[in-house]
Trainee: 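Sending over a structure as structure tokens; questions will come in a sec.
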Amino acid sequence: MLNKKGIKVLSLFFIYKVSNYREYDKDNNPIKGKYTKMFEEEYIKLITLDKYRENQNKDLEVSFTHNGYFTSHRKKGK
């Protein structure tokens, strides 16, 4: 309903451990945590339902539908 009006809904979740959403390898590249994997699996199931089909964007990777900001990941001095 809001998407048709050009309104993007922002959802906020508080996560106890950042590593449940995102971890980093030895080269500091992000690795999907268990919550990221769960979100993407459920999102794919839901977006294919008829009632959400008009919201599908086949050119958009699922990983671009969500992201996380964690204060613990800020660079020092910024």
Trainee: Tell me whether D27 contacts the main-chain N or O of N29 through its side chain, where contact means a donor paired with an acceptor under 3.5 Å.
Mentor: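 No, the answer is negative, given that no donor and acceptor are paired below the 3.5 Å cut-off.
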Trainee: Among residues at least two apart in sequence or on other chains, which ones pass salt bridge (Lys or Arg N to Asp or Glu O under 4.0 Å) with K32?
Mentor: E40
Trainee: Are L49 and I44 connected into the same hydrophobic cluster when the rule is that any two of I, L, V, M, F, W, Y join if their side-chain heavy atoms are below 4.5 Å apart?
Mentor: yes
Trainee: Return the CD to CD1 distance between E42 and I47, rounded to the nearest 0.5 Å.
Mentor: 13.0 Å
Trainee: In chain order, what residues pass the ring pair (Phe, Tyr, Trp, His ring centres under 6.0 Å) check against F39, with sequence neighbours excluded?
Mentor: Y43, H66
Trainee: Under the side-chain hydrogen bond (donor to acceptor under 3.5 Å, both in side chains) test, which residues partner D50, sequence neighbours left out?
Mentor: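 D50 satisfies side-chain hydrogen bond (donor to acceptor under 3.5 Å, both in side chains) with R53 only.
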Trainee: Give me the atom names and distance for the closest heavy-atom approach of I31 to Y24.
Mentor: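 Looks like CD1-C, 3.9 Å.
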Trainee: Could you grab the distance from atom OH of Y35 to atom CG of N20, nearest 0.5 Å is fine?
Mentor: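 If I round to the nearest 0.5 Å, the distance is 4.5 Å.
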